[in-house]
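Index from 1, following the sequence. For ligands, and for the atoms within them, numbers begin at 1 and follow the listed sequence.
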Amino acid sequence: MSVRIGEFPVLTDIDLTIRKGEKIVLIGPSGSGKTSLLRVCAGLLSDRNGHFGLFGSTPATPAQWSKARRRMAMIFQNFNLYSMRTALDNITFAARHLRLGSESELNERGRELLGLVGCDGLADKYPFEMSGGQQQRVAIARALIGDPELLLLDEPTASLDPETIAGILDLLTQVAEGRFSGRPMTVLCATHEMGFARRIADRVFFMEKGFVVAAGTSQQMFGGGVSDRFLEFVGAMAHQRP
Ligand SMILES: Nc1ncnc2c1ncn2[C@@H]1O[C@H](COP(=O)(O)OP(=O)(O)O)[C@@H](O)[C@H]1O
Ligand SMILES: [Mg+2]
């Protein structure tokens with residue numbers, strides 16, 4: 001599969017099949033196409049060439065895409081909460097729109113999720129009243145309310161300070177393992193956090209300039225022997241983030 005934005009080839013010859021329950025980590029320098037790949041999966045970039053499938057079929061119409069989107073959730077670097085909505089409302093808003101439950105059911109589930117992500121007592125707070133870490137926890141609760149099978153994570157800790165990062169990565173590890181949903185999730189995650197990548201990845205894809213330049217299991221990739229360029233990149237990241 002290849003993807004263009006205008007004339008620019010953001011992704012070229014991407015050959016990636018994710019099995020159910022598998023955790024895939026995308027690693028690569030800024031501008032390598034990680035966000036674009038996640039956006040393709042969310043149906044946000046449609047100028048594609050080649051085969052693309054999701055949950056066993058190729059969504060084409062808006063109706064097919066909205067059906068597919070109900071089975072996935074995305075978590076962003078900048079949390080993307082609605083600034084004029086409370087934490088609880090942020091969690092339940094889209095689910096209400098999609099009629100995933102009654103008002104009281106969704107509020108109850110929303111409060112339960114707030115507790116699970118470690119944000120008890122924040123239901124009525126607005127994003128500006130919360131720390132970055134708390135906002136990302138709320139965004140994680142929002143992602144979980146539709147009980148998604150596929151989780152798309154776009155550098156979920158890149159906007160957080162080092163002390164907050166570890167807590168969010170722990171939470172995401174639990175989420176990925178299905179701790180809050182009863183079944184392990186399929187995960188596609190872009191991150192610069194190498195420890196986390198090593199911990200959760202079944203397979204690692206190293207991207208540069210819109211190409212997947214190296215791929216393998218976490219052990220193969222981090223163990224060496226697949227790509228010196230990848231290890232060089234990992235080394236540079238470790239140097240930046242002690
Ligand atoms: N909306 C857009 N218009 C034009 N170019 C874009 C757009 N979005 C991304 N790109 C380009 O596509 C390339 C890949 O970007 P992106 O997927 O955001 O990479 P990453 O997430 O790895 O930093 C970059 O060169 C970027 O400038
Ligand atoms: Mg990006």
I would like to know whether Thr164 and Asp161 meet side chain to side chain donor-acceptor pair (under 3.5 Å); could you show each step before the answer?
CA-CA 6 Å; Thr164 310; Asp161 55 76; 2.8 Å; yes

List the steps, then state whether salt bridge (charged side-chain N to carboxylate O under 4.0 Å, His left out) holds for Asp147 with Arg70.
CA-CA 9 Å; Asp147 197 20; Arg70 286 181 195 208; over 6 Å; no

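Between the Mg ion (ligand 2) and Ser36 there is no N/O/S contact shorter than 2.8 Å.
Side-chain contact between Phe206 and Pro29 is present, with heavy atoms from C-beta onward closer than 4.5 Å. Using a 4.5 Å cut-off on side-chain heavy atoms (C-beta onward), Leu116 and Arg179 make no contact.
Taking the six-membered ring where the residue is Trp, Phe233 and His192 present tilted rings, their angle falling between 30° and 60°.
Within 4.0 Å of ligand 1, contacts by protein heavy atoms are made from Ile5, Phe8, Val10, Pro29, Ser30, Gly31, Ser32, Gly33, Lys34, Thr35, Ser36.
With sequence neighbours excluded, the residues forming a side chain to side chain donor-acceptor pair (under 3.5 Å) with Thr35 are Asp154, listed by chain and number.
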